[in-house]
There are 2 protein chains.
Amino acid sequence: MTPPDEQLSISEVAERTGLSAHTLRYYERAGLMLAPIHRAASTHRAYSARDVTWITFLTRLRSTALPIAQVKEYADLARRGEDTTPERLELLQRHRIAVVAQLAEMQASLAAIDHKISLYAERTTA
Amino acid sequence: MTPPDEQLSISEVAERTGLSAHTLRYYERAGLMLAPIHRAASTHRAYSARDVTWITFLTRLRSTALPIAQVKEYADLARRGEDTTPERLELLQRHRIAVVAQLAEMQASLAAIDHKISLYAERTTA
DNA sequence: CTAAAACCTCGAGTGCACTCTAAGTCAAGC
DNA sequence: GCTTGACTTAGAGTGCACTCGAGGTTTTAG
């Protein structure tokens, strides 16, 4: 059984997502959260599993170079509800194309680096 | 036959490399060039084919997120001559590992995005 | 010869994404 | 009950990589 509504502190979320607590607060201020982060009987943030899931996906978007402004756009759409699904789909599809292009360029660059390495390796063993 | 020593203006190099003229001057100031860029009977820069080849490789390093400071390190080594080959090889090998990791992360992120897209696509057609 | 376009240097400005600081509040262990 | 460490906010600071602007010179086309 999964714990029904486990609450996580900011440092626990930081650890799980690889982001710093500073960055988590910054993202929240920037309007990137899907829902307001719950405060646990105090002023301290208490993240839900859903929050962590979203933050994890968010970092997937960020790590593929989607600017924060566009992550916010996506979050804004998601907050507006089900009927923005087509827009979100389109945003993701556009981004997908960019990611595929990035992958191709990175692979080409890796090939160039590998080529150079092989030239150097040859020279040092010779 | 290849033209023996074609001279290119900064805007021609900009066009060929995809960098702006501003960026080319900036890179030069930052010490990233292998050799001083020749000036053609005037104050204007005249790039050689070798320069362009290096700039192209340099952009491969940059596009795989090698910081400018490390590109400079590499260029500094290259300028010091043949006997820095081992250091350059090591730098490239270290970077290669980082690039492979980036590729893996990007592929994982692409998979996550694709998964989300498939959920959305299902919902919009349903 | 002249006008427009391309180039030059130096230094300042920009945008992005954090990252940190200060001054305080809250929670957990002893 | 007190101390220690984690948390809070608001706002300032940082680092990186460009990017631009001003003011001037050089090249090129007519």
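Excluded from the calculations below are hydrogen atoms, water molecules and symmetry mates; all remaining heavy atoms, backbone and side chain alike, are included.
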Step-by-step side-chain contact (heavy atoms from CB on, under 4.5 Å) determination, A:I55 to A:Y27: CA-CA 9 Å; A:I55 293 165; A:Y27 280 179; 5.7 Å; no

A:S48 and A:H38: CA distance, side-chain angles, deciding distance, side-chain hydrogen bond (donor to acceptor under 3.5 Å, both in side chains) verdict: CA-CA 8 Å; A:S48 70; A:H38 180 242; over 6 Å; no

Rounded distance (Å) that lies between atom P of D:dT27 and atom CD of B:Q7: 13 Å

Pairs under 3.5 angstrom, nitrogen or oxygen only, protein versus nucleotides 28-30 of chain C, please.
none

Contact state string [nucleotides 6-19 of chain D, B base, S sugar-phosphate only, - no protein heavy atom under 4.0 Å]: -SBB-B-----BBB

Pair A:S63, B:S109: side-chain N/O donor-acceptor within cut-off below 3.5 Å: yes

Those residues of residues 101-110 of chain B lying under 4.0 Å from DNA chain D by at least one heavy atom: none

Qualifying salt bridge (charged side-chain N to carboxylate O under 4.0 Å, His left out) pairs, either residue in residues 57-68 of chain B, two or more places apart: none

Sidechain-backbone polar pair: B:T84 side chain, B:R80 backbone, donor-acceptor under 3.5 Å: no

Non-neighbouring partners of A:Y74 that pass ring pair (Phe, Tyr, Trp, His ring centres under 6.0 Å), sequence neighbours left out: A:W54

Salt bridge (charged side-chain N to carboxylate O under 4.0 Å, His left out) contacts touching residues 23-38 of chain B (sequence neighbours left out): B:E28-B:R39, B:E28-B:R45

Pairs where residues 95-106 of chain A contributes a residue and the test salt bridge (charged side-chain N to carboxylate O under 4.0 Å, His left out) is met, not counting sequence neighbours: A:R96-B:D114

Contacts of B:S20 that satisfy side chain to side chain contact (heavy atoms under 4.5 Å, CB included) - sequence neighbours left out: B:H22, B:T23

Pairs meeting criterion salt bridge (charged side-chain N to carboxylate O under 4.0 Å, His left out) with involvement of residues 82-91 of chain B, two or more places apart: A:R123-B:E82, B:E90-B:R94

The helix from C:dC1-D:dG30 to C:dC30-D:dG1: angle between end helix axes, five pairs per end, rounded to 10 degrees: 20°

Residues 11-18 of chain A side chain polar contacts: donor-acceptor under 3.5 Å, at least two apart:
from: A:S11; atom 1: OG; to: A:S9; atom 2: OG; distance (Å): 3.2
from: A:E12; atom 1: OE1; to: A:S9; atom 2: N; distance (Å): 2.7
from: A:E12; atom 1: OE1; to: A:S9; atom 2: OG; distance (Å): 3.4
from: A:T17; atom 1: OG1; to: A:V13; atom 2: O; distance (Å): 2.8
from: A:T17; atom 1: OG1; to: A:L19; atom 2: N; distance (Å): 3.3

Qualifying residues under salt bridge (Lys or Arg N to Asp or Glu O under 4.0 Å), relative to B:R79, sequence neighbours excluded: B:D76

